[in-house]
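Single-structure report; data block below.
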Amino acid sequence: MAYWLMKSEPDEFSIDDLAAAPKQSTPWFGVRNYMARNYMRDHMRVGDGVLFYHSSCEVPGVYGLAEVSSTPYPDDSQFDKKSPYYDPKAKREEPRWMLVDVKLVKKTRVLSLEEMRTLPQLAEMVTLKRGNRLSITPVSAAEWKFITKHLK
DNA sequence: GCCAACGTTGGC
DNA sequence: GCCAACGTTGGC
């Protein structure tokens, strides 16, 4: 069992969009970074814990808990010429971008980035490291435990 | 809107 | 394989 933080811009897809989705689940499409892709393709397992994070918004931070709800499969948007995520170099026979489904566990109170930065228990979080921009980052078991407890 | 930091691209 | 130029992310 592993844990992850996954960023989404709420203007694009928010925690409420996830709550309103069929089965409260969504394919995590649009990731176009190899390291983030590799986390989904090679390391995520069904049931892994996910911190659902809003970025590029008024109050960036964790807005809820989710979980990985599928094994990896090709991101369809890479083949869709009308999608902003279209990748002309991707082929059906050789997909370049893989994703997993993410399912809502529960909305929580907001754990803002500002608050996260004040918590010594979270000082080593990958996503808080200077210069980190990755949309998917690993979360340690200790960090996960602390955050889920802290949000109760 | 700014800009620091980083990833990717492509010429050599 | 290097690395400058460029594009993107994301907090502020």
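What you see is a predicted model; the values in this text were computed from it and never measured. Every chain is numbered from 1 and lettered A, B, ... according to where its sequence line falls, protein lines coming before strand lines.
- A straight line from CE of A:Met35 to P of C:dT9 spans 15 Å, rounded to a whole angstrom.
- A:Ser112 and A:Glu115 are not linked by any side-chain donor-acceptor pair at a separation below 3.5 angstrom, with hydrogens and angles left out of the test.
- Between A:Tyr53 and C:dG11 there is a side-chain N or O to OP1 or OP2 distance below 4.0 Å.
- Across every non-hydrogen atom of A:Gly30 and A:Asp75, the tightest pair is N-OD2, 2.8 Å.
- Rounded to an integer number of Å, the gap from A:Arg32 CZ to B:dT9 P is 12 Å.
- Taking atom CG of residue A:Leu5 and atom C1' of nucleotide C:dT9, one finds them 15 Å apart after rounding to whole Å.
- The interatomic distance linking A:Leu113 (CG) with C:dT9 (P) rounds to 18 Å, in whole Å.
- A:Tyr73 and A:Trp97 have their aromatic ring centers separated by at least 6.0 angstrom.
- Between A:Glu9 atom CD and C:dT9 atom P the separation is 7 Å, expressed in whole Å.
- As judged by a 4.0 angstrom heavy-atom cut-off over every strand, A:Asn33 is placed among residues touching the sugar-phosphate backbone only.
- When all heavy atoms are compared, the tightest approach of A:Thr71 to A:Val46 is N-CG2, 3.9 Å.
- If you measure from atom NZ of A:Lys89 to atom C1' of B:dG10, you get 10 Å, rounded to the nearest angstrom.
- Distances shown here put every side-chain N or O of A:Lys7 at or beyond 4.0 Å from the OP1 or OP2 atom of C:dT9.
- Atom-to-atom, CZ of A:Arg133 to C1' of C:dC12 comes out at 16 Å; the value is rounded to the nearest Å.
- The distance from atom CG of A:Asp11 to atom P of C:dG11 is 13 Å, rounded to the nearest whole Å.
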